[in-house]
Number of protein chains: 2
Amino acid sequence: MVNIIDVARQAGVSKTTVSRVINNYPHISPDKRRQVMEAMEQLGFVPNPSARKLRGQVTTTIAVIVPKIVNPFFAYLVDAIEQEGYRQGYQTLICQTNEHKSKEIAYLDLLKNKQADGIIMAAIENDWADIEPYTAFGPIVLCNEYVNQNDVPTIRVDQHEGTYTAIRHLIERGHRKIMYCTGGLFTDFGKDKDRNQAYQRALEEAGIAINPNWILVDRHTIEDGKKVTELILDMSDRPTAVFTGSDEIASGLMMAARKAGLHIPNDLAIIGFDDQPIAEVLSPSLTTIRQPIARMGKQAVDMLVQLMDQQPLSTSLSKLPVELVIREST
Amino acid sequence: MVNIIDVARQAGVSKTTVSRVINNYPHISPDKRRQVMEAMEQLGFVPNPSARKLRGQVTTTIAVIVPKIVNPFFAYLVDAIEQEGYRQGYQTLICQTNEHKSKEIAYLDLLKNKQADGIIMAAIENDWADIEPYTAFGPIVLCNEYVNQNDVPTIRVDQHEGTYTAIRHLIERGHRKIMYCTGGLFTDFGKDKDRNQAYQRALEEAGIAINPNWILVDRHTIEDGKKVTELILDMSDRPTAVFTGSDEIASGLMMAARKAGLHIPNDLAIIGFDDQPIAEVLSPSLTTIRQPIARMGKQAVDMLVQLMDQQPLSTSLSKLPVELVIREST
DNA sequence: TTGTAAGCGTTATCAG
DNA sequence: CTGATAACGCTTACAA
């Protein structure tokens, strides 16, 4: 491995000077700078990141933690973050927890060991109380997920508004039997709390009673969607519309419903969440709530960079608007 | 940051002993081992990877290079690699080139600096001649993509067989006007060479002349698929079937064709490639060539680990079989 | 079985 | 403007 000393020798300078060239220090004679550049070129020198991280204060590395990279929502988010990070001179470490608490913690250790200057969490497996201590080692920004705590830097969409808009849309289409089918649990915190409350509020305002049979939780995948359809088919009192927490559930649901002979949207209206590319190519195409993923990623990076640069944050919470995209499934 | 010395002090031993405990050396008294473990626990010690990489010979890190993580094929491949790597004790660095040659080279530098022990490349942007020198610093395994060179460790599917099977299937369905629409170029090397040759061979065997108008290259995305449909609609002599290089092009194509009033498969048959989750939920569901992505990922890791362990490779090429999945679009 | 000490490749400090 | 030198946290001869 060719190192800074080899370059120094080749250029006839000290390794300090080489280091200065690498790091663009201002006061170096043009002559020496040129010599060093040439030597680096000739020897194919590349600075060793381990050594830099070990010695320096700064790693110019950020990490983004997602549960599953095969989930298109997270893939697009990671992509946005990676590209914006790259633009701002950061290397992005992509970390997949597979929903394991221990893996999440292991990735947070990246801060502890100065492997990364900051972390963007797109999901949270552990309690915030267990994560918070890591902020002592570097900034953590939540993106997409959030917690019941005011001072945690967060970029997210307005889940309440999104869900409320979706349910209102179904009601306006004449539906009164609306199933609610989402990711997390029907709990009292974070993302799901907002969605749950919006669902309840929209129904209440329309004077519709809530049917507990039509509340399904912990549904994520296309497979889950198919199973939801089976559930619906088995019901004596079927819903006429379904709100789903992601386009993936929606697509599985739609496919199975179609196969069972249901006409969409006449027999069953379906609305998704995310506006993934798939939403447009489904038949019928999927009405859904569009999340501004690229903007979320960019803003998360911006906020993280501000924190890493010790700049004061104008606001610790950025709530981006969502958009109802009406297609054929409702 | 709590380091090995802090632990040593707390446990009342030397840092060497701590290091030995971390690395599971055999000859340590149970007593001291326990003391060290307790100290590590109490202090919340986590070994610093930079220091280990800098000092040691081994990083227990592998890197996987993909062009775009938002492409579901690569997302699934990365997922398989990450999980298998994790199982075998390796941390996986996920690297996205965005199809930039320079980024690919930058990632190959990971080998040079001992940031990774080995690399899996799922795509190739640069010429192999420019990549080959990096093998001096650590093993490189190709997965999915390949080059015209015998000794390069490669895991891939039989693209020729896959494409041939697909085209034969269309011919058996009675089609003689078959469009060919794929990713790379209609070139003479790698993945595309095999596909191209298979297309030509299948047509030739069936006594069908090749129509150059029906050969489209460099198509990748859903958007590309839509545009292909426009092209078809503008043709005076239209194909009756289309072979596409990925389910994504196929889905864009299908959607636009349906919108234009074409019946699928009667007016236009479509066959995809990959068997992504989307293939099943499309309407009509998509006939496609299934790639064993999970197996590819696992085998790539296995092969890389063998090479990193300096074990001889039984064979440098593993060609996995593909499978025709017949659905409604043909 | 345990400890001492020399590095791995960089950057920060200090002196010139 | 430039250079010597001391860390950063860890592993590994070599000694004991």
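Naming: A, B, ... by sequence-line order, numbering from 1 per chain.
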Can you tell me how far [atom2] of [N] sits from [atom1] of [X], to the nearest Å?
{"X": "B:Lys53", "N": "C:dG7", "atom1": "NZ", "atom2": "P", "answer": "24 Å"}
{"X": "B:Met40", "N": "D:dG9", "atom1": "CE", "atom2": "C1'", "answer": "15 Å"}
{"X": "A:Asn24", "N": "D:dC1", "atom1": "CG", "atom2": "P", "answer": "15 Å"}
{"X": "B:Arg9", "N": "C:dT4", "atom1": "CZ", "atom2": "P", "answer": "13 Å"}
{"X": "A:Ile28", "N": "C:dT11", "atom1": "CD1", "atom2": "C1'", "answer": "13 Å"}
{"X": "B:Asn48", "N": "D:dG9", "atom1": "CG", "atom2": "P", "answer": "7 Å"}
{"X": "A:Asn3", "N": "C:dT11", "atom1": "CG", "atom2": "P", "answer": "12 Å"}
{"X": "B:Ile5", "N": "D:dC8", "atom1": "CD1", "atom2": "C1'", "answer": "10 Å"}

Please list, by residue number, the residues of residues 104-116 of chain B whose heavy atoms come closer than 4.0 Å to an atom of DNA chain D; answer none if no residue qualifies.
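Contacts with DNA chain D under 4.0 Å: none.
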Are any non-hydrogen side-chain atoms of A:Ile119 and A:Tyr107 less than 4.5 angstrom apart?
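They are not in side-chain contact.
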Specify the residue among B:Leu54 and B:Ser14 whose closest nucleotide of DNA chain C lies further upstream toward the 5′ end.
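Going by which nucleotide is closer to the 5' end, it is B:Ser14.
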Polar side-chain atom of [X] near backbone of [Y] as donor-acceptor pair, under 3.5 Å:
{"X": "B:Ser102", "Y": "B:His100", "result": "no"}
{"X": "B:Thr59", "Y": "B:Lys53", "result": "no"}
{"X": "B:Ser50", "Y": "A:Gln115", "result": "no"}

Please report the interatomic distance CZ(A:Arg33) to NE2(A:His27), rounded to the nearest 0.5 Å.
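With rounding to 0.5 Å, CZ (A:Arg33) is 11.0 Å from NE2 (A:His27).
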CD of B:Gln311: more than 12 outside heavy atoms within 6.0 angstrom?
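Yes, the 6.0 Å shell around CD holds more than 12 heavy atoms from other groups.
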If you count heavy atoms of other groups shown closer than 6.0 angstrom to CG of A:Asn150, is the number above 12?
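Atom CG in A:Asn150 is not crowded, with 12 or fewer foreign heavy atoms closer than 6.0 Å.
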Quick one: is B:Ser50 getting a side-chain N or O under 4.0 Å of the D:dC8 phosphate, OP1 or OP2?
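Looking at the OP1 and OP2 atoms of D:dC8, neither is under 4.0 Å from any side-chain N or O of B:Ser50.
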What string of B, S and - do you get for nucleotides 11-16 of chain D 5' to 3' if you count protein non-hydrogen atoms under 4.0 Å?
BB----
Looking at A:Glu104 and A:Lys101, is there a salt bridge between them, counting it only when a charged N and a carboxylate O are closer than 4.0 Å?
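No, this pair does not count.
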Kindly indicate whether a cation-pi arrangement holds for A:Lys103 with B:Tyr86, taking the cut-offs as under 6.0 Å to the six-membered ring centre and within 45° of the axis.
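Geometry flag: set, cation within 6.0 Å and 45°.
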